[in-house]
Amino acid sequence: MGKKNRKARASATETEGSFTKTQKRDMMVLVHQLLDKCRRPPSTSAGKLWEEHMEIREIVEKLRKMQEGFTLNHYNRADHFKGFMTWVEQHGVDTSNVEVYNFPETGYGLRATKDIPMDSPFLTVPRKLMMTVASAKDSIIGPFVEQDQILQAMPNVVIALHLLCERLLPSAFWEPYIKILPDCFSTPLYFTTEDMKELKGSPALNDAMSQYRNIARQYAYFFKEFQTSSEAMKLPMKNSFCFDDYRWAVSAVMTRQNQIPTPDGEQVTNALIPLWDMSNHSNGQITTDFNLKKNSSECYALRNFSKADQIFIFYGRRSNAEFLLHSGFIPSDNQSDRIGIKLGISKNDSLYVMKAEMLARVGLMPSRGFALHVGTGTERFGGIDPDLLAFLRIFHLNEDELKARLVGKKARVLLPKLGHCDSPVNKDNEVKVWTFLENRVNLLLKAYPGTMQDDADKLKSDKLSFNQKEAVKLRMNERIILENTVNYAKKQKVAAETNIKEDYSLDAEVDETMLSEFNQVHGDPLDAMLAQNGCTDTCCDHQYPVSLEQARKAVPQNISDISDISLAQPATIETVHSNVYMGTDPRNVNTEQIKNNMDNKENECEKPKDNLEHTKGAVVLTEVKQEKNDSKKVGSVSNGVVKCDTLGNGSDIKHGSDIKNGNDIKSPT
């Protein structure tokens, strides 16, 4: 698997069924058309965006038609699980606790071969079995990866190309693993036009079209690169690089990958983890670690499993849209489901500067997305996101109310209460907040076609494909969240109108006694500091000026760079994603430098090369922290908390079944 294998494999440069020169030329014409379509900024109009998607899809379908007969031959997976289990055992995996089994409800998954108590380790997989960026760089594709600036910023794509290369090489190390991977998936990359139409109304439709656009663009870019790069001459797919094969490799990685620590523990790297990635999803908590001393991933039982039970793991806190987009299924009773609503304050608002400063002090931007959670207004979840409540209250504050929270000693007490449901500013503000939320969410509901009953009737029909049923399930669940939010807003508005007195004001409630009690907890800044520098809230770590001039100077400089989304117009809605990318984390990569590098490469070629967009994918980028047992959490970070996100899931779905979680479930015919 190391560098010594590069030379040994270099001879495997041709596969049966290479494109002819004429076919390559004809495909290159379509590839340039595809690059031209995909590199243009997407339209902001829903109708136009759909037209652009259909134009891109038309070019892709022409390429697929030309490539018929050249795509990979697929394996009968069922014939290869025995050999796969022998392979993992030969390389140090103890399989005495588990076996691969085809469950009626979920398809292939892991079954307990003995009783497994909760929290006990049941599966350990060594790093040497994992497909990683490091193993890619030590393989035949390594030189190509090292010279391509785009791939250096897109580790997930590196593994996808690595997987495709290994699939084409004879007697590859990972051949037993590759033979048990699904041959197709149920993510939107495999959706037909009719499937995509069932997403209408959901923000996931735009995400699905964006995902398709980005993968098409990536394919076109690499098709050109394989014909022009000197480092691509030895690649086994150079003369037969088909869209369907790239889509398969990307989907396999997107639905199964995770992040693990590098050997030194200083960084994280992407990885496919054989056998462990056969586990299906269930609600719960993260139970997978990475042990640096043993150089292995370690999975612990989510709950007590009896012999012959299916063993589930928790994939992480993802919305149904994220599950569908990156895993290809909708889990039942997803306690982490949510839908996003994006709001912003217009710069034409006469109080914009004061509102922007106040938002900055509570850690919010003047334009941002918020999550509406499943169970809003119910006993399970309760109210709305405190950040959303604070944002809406700030938006509806008048100038005097803003001043009270920006200037002087009272600001230290008043500001933190903006997100507290039981601390309304006054009656007028609270009624406006809930009226606004009710009206805005009702607008979002109107975007969905038909009614909830129509969707329920559709699900009973035998005419829908599995993909179409999952899209309808997504729509229904999103509608439930929005309707619950509307009902909750109505309830809160009535409560405000009924229970808050006309003359009530939180500002007036803050007296010297309350200030004294607050300062005993948070410290009492010196008057001199207040007069000169503003006081520092040790709880919120924000500075509080004593004049509006200081407040205006404190507005973040990058506010001017934020696109306006006026609250006077219907707010746009979008799915709230974690930092999930099929490529790279934009927080860590200088995307401008990548574009410049691509521009330089374009000038070197006869026709311009394309720069790739980062595509949303399945792995949530991870920070790992050292544990006492020298294990490291595998997975994602949300607000600085390590949460080990695992699989994308949802491959290979069985037609007509009621899928509950499904990683690796048989696909519809």
Side-chain angles (χ1 to χ4, degrees), residues 34 37-38 42-65 184-217 243-244 247 251 254 319-330 337 339-340 443-483 570 572-575 577 615-616 650 653 655-659 667-669:
L34 193 57
K37 291 285 185 186
C38 293
S43 174
T44 56
S45 162
K48 183 64 177 174
L49 194 61
W50 177 258
E51 290 178 11
E52 292 171 359
H53 172 72
M54 294 305 296
E55 291 170 356
I56 292 170
R57 185 179 283 267
E58 181 181 4
I59 299 172
V60 168
E61 289 304 312
K62 289 180 180 178
L63 281 166
R64 294 183 66 221
K65 183 71 174 176
C184 65
F185 299 84
S186 54
T187 62
L189 284 179
Y190 284 80
F191 275 24
T192 64
T193 301
E194 293 305 310
D195 295 342
M196 295 286 271
K197 287 179 180 178
E198 293 297 339
L199 290 173
K200 184 179 179 183
S202 169
L205 175 60
N206 283 0
D207 290 336
M209 290 190 292
S210 176
Q211 183 186 68
Y212 191 94
R213 181 190 197 107
N214 289 333
I215 297 306
R217 188 178 188 183
F243 177 83
D244 281 358
R247 177 176 62 172
S251 300
M254 185 167 62
S319 69
N320 282 346
E322 290 168 343
F323 272 111
L324 182 63
L325 285 164
H326 310 308
S327 304
F329 77 106
I330 301 294
D337 194 19
I339 187 171
L443 285 175
L444 301 177
L445 278 167
K446 289 180 180 179
Y448 291 82
T451 64
M452 282 283 287
Q453 187 59 50
D454 293 335
D455 285 344
D457 292 340
K458 268 193 170 186
L459 288 179
K460 297 176 184 177
S461 170
D462 295 331
K463 297 180 180 179
L464 292 185
S465 68
F466 173 82
N467 291 344
Q468 290 167 355
K469 285 186 176 181
E470 294 301 276
V472 174
K473 287 180 189 177
L474 174 67
R475 262 196 345 233
M476 289 184 68
N477 287 327
E478 289 177 344
R479 272 179 154 152
I480 290 171
I481 293 173
L482 294 175
E483 288 180 356
T572 57
I573 185 166
E574 61 183 14
T575 302
H577 288 286
T615 309
K616 292 177 181 177
I653 309 268
H655 183 53
S657 60
D658 181 15
I659 303 303
S667 91
T669 56

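- Rounded to the nearest 0.5 Å, atoms OG1 (T193) and CE (M54) are 4.0 Å apart.
- Of the candidates E51, E52, E55, E55 is the only one forming a salt bridge (Lys or Arg N to Asp or Glu O under 4.0 Å) with K37.
- In terms of modelled atom types and a separation under 3.5 Å, the side chain of Q211 and the main chain of L325 share a donor-acceptor contact.
- Taking each heavy atom of R213 and C38 in turn, the nearest pair found is NE-O, 3.4 Å.
- For the atom pair R479 CZ and L444 CG, the distance stands at 12.5 Å (nearest 0.5 Å).
- With rounding to the nearest 0.5 angstrom, the CZ atom of F243 is 15.5 Å from the NZ atom of K62.
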In sequence, state the C-alpha distance, the side-chain angles, and the governing distance for R217 and L34, and then conclude on side chain to side chain contact (heavy atoms under 4.5 Å, CB included). CA-CA 7 Å; R217 188 178 188 183; L34 193 57; over 6 Å; no
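- One finds the CE atom of M476 at 12.0 Å from the CD1 atom of I330 (value rounded to the nearest 0.5 Å).
- Between K200 atom NZ and W50 atom CH2 the span is 10.0 Å, to the nearest 0.5 Å.
- Electrostatic pairing of R247 and D244 counts as a salt bridge here, judged by a charged N lying under 4.0 Å from a carboxylate O.
- Side-chain N or O atoms of D337 include one that pairs as donor or acceptor with a backbone N or O of N320 at under 3.5 Å.
- With sequence neighbours excluded, the residues forming a ring-ring contact (aromatic ring centres under 6.0 Å, His included) with Y212 are H53, listed by chain and number.
- What you find for S43 and L49 is that their closest heavy atoms are O-CD1, 3.6 Å.
- When all heavy atoms of Y190 and D195 are compared, the pair lying nearest together is O-OD2, 4.4 Å.
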Hey, mind stepping through S210 and N206 against side chain to side chain contact (heavy atoms under 4.5 Å, CB included) and telling me if it holds? CA-CA 6 Å; S210 176; N206 283 0; over 6 Å; no
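- The two residues F191 and S186 come nearest to each other via the heavy atoms CE1-O, 3.4 Å.
- You'll find the side chain of H326 stays beyond 4.5 Å of the side chain of T187, heavy atoms only.
- A 4.5 Å side-chain heavy-atom check between P203 and E478 finds at least one atom pair inside the cut-off.
- What you find for Y448 and G201 is that their closest heavy atoms are CZ-O, 3.4 Å.
- Pairing each heavy atom of S251 with each of L189, the nearest pair is OG-CD1, 3.8 Å.
- Of the residues R475, K469, Q468, the one that meets the side chain to side chain donor-acceptor pair (under 3.5 Å) test with E198 is R475.
- Judged by distance alone, with hydrogens and angles left aside, the side-chain atoms of D454 form a donor-acceptor pair with the main-chain N or O of T451 at under 3.5 Å.
- Of the inter-residue distances, the one linking L324 atom CG with N467 atom CG reads 8.0 Å to the nearest 0.5 angstrom.
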